[in-house]
Amino acid sequence: MTDDRTKPEIDAPEGPAPEELVIRDLIVGDGAEAKPGDTVRVHYAGVEYETGEEFDSSWNHGESIQFSLRGLIQGWQDGIPGMKVGGRRELVIPPDLGYGPEGGHFLGGKTLIFVIDLISVG
């Protein structure tokens, strides 16, 4: 699929951050569908909602990553299932589904935006 897709540009949105998980398909895939607990291979980029400042990106590491959806932040566990291989999805994740309240993790207390390309499932 999309191991050759280019890194997305993510702009800081206007207005207040949502309090619930927001899932938006930017490109609908046509391959296998991710299910809760699956192992997936993705490319992703993440930015802070307030500033649009990037905090991580698999493209910057030069390769996609593979992992089980179990044990990830809740926003990914809830936001990736239902996505199909070949798709690109944007997740806007409030702090309670991300890294929790301010003070623990450096992303604690922040609403996050991820754009995720699903490369494979299984």
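Residue numbers run from 1 in the order of the sequence given.
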What about [X] and [Y], same hydrophobic cluster or not, with Ile/Leu/Val/Met/Phe/Trp/Tyr joined at side-chain heavy-atom distances under 4.5 Å?
| X | Y | value |
| --- | --- | --- |
| Ile10 | Trp59 | no |
| Leu21 | Ile116 | yes |
| Val47 | Val92 | yes |
| Val42 | Ile113 | no |
| Trp76 | Val85 | yes |

Shortest non-hydrogen contact between [X] and [Y], atoms and distance:
| X | Y | answer |
| --- | --- | --- |
| Glu19 | Asp96 | O-OD1, 4.3 Å |
| Gly87 | Arg5 | O-NH1, 3.7 Å |
| Gly37 | Leu69 | N-CB, 3.9 Å |
| His43 | Glu63 | CE1-C, 3.4 Å |
| Asp117 | Arg88 | OD1-NE, 2.6 Å |

Between the main-chain N or O of Tyr44 and the side-chain N or O of Ser58, is there a donor-acceptor pair closer than 3.5 Å? yes
Around atom [atom1] of [X], are there more than 12 heavy atoms from other residues, nucleotides or ligands closer than 6.0 Å?
| X | atom1 | result |
| --- | --- | --- |
| Lys84 | NZ | no |
| Gln74 | CD | yes |
| Glu50 | CD | no |
| Glu54 | CD | yes |
| Asn60 | CG | yes |

Parallel, tilted or perpendicular: ring planes of Phe55 versus Phe106, cut at 30 and 60 degrees: perpendicular
Assess the residue pair Phe67 and Val40 against the criterion (side chain to side chain contact (heavy atoms under 4.5 Å, CB included)); give the C-alpha distance rounded to whole Å, side-chain angles, the decisive distance to 0.1 Å, and a yes or no. CA-CA 6 Å; Phe67 51 80; Val40 296; 3.7 Å; yes
I'd like to know if Glu53 and Lys110 make a salt bridge, using a cut-off of under 4.0 Å between side-chain N and carboxylate O. no
CD1 on Ile93 to OG1 on Thr111, rounded to 0.5 Å: 9.5 Å
Are Glu33 and Val121 close enough, and set up right, to give a side chain to side chain contact (heavy atoms under 4.5 Å, CB included), and what steps lead you there? CA-CA 7 Å; Glu33 183 175 315; Val121 174; over 6 Å; no
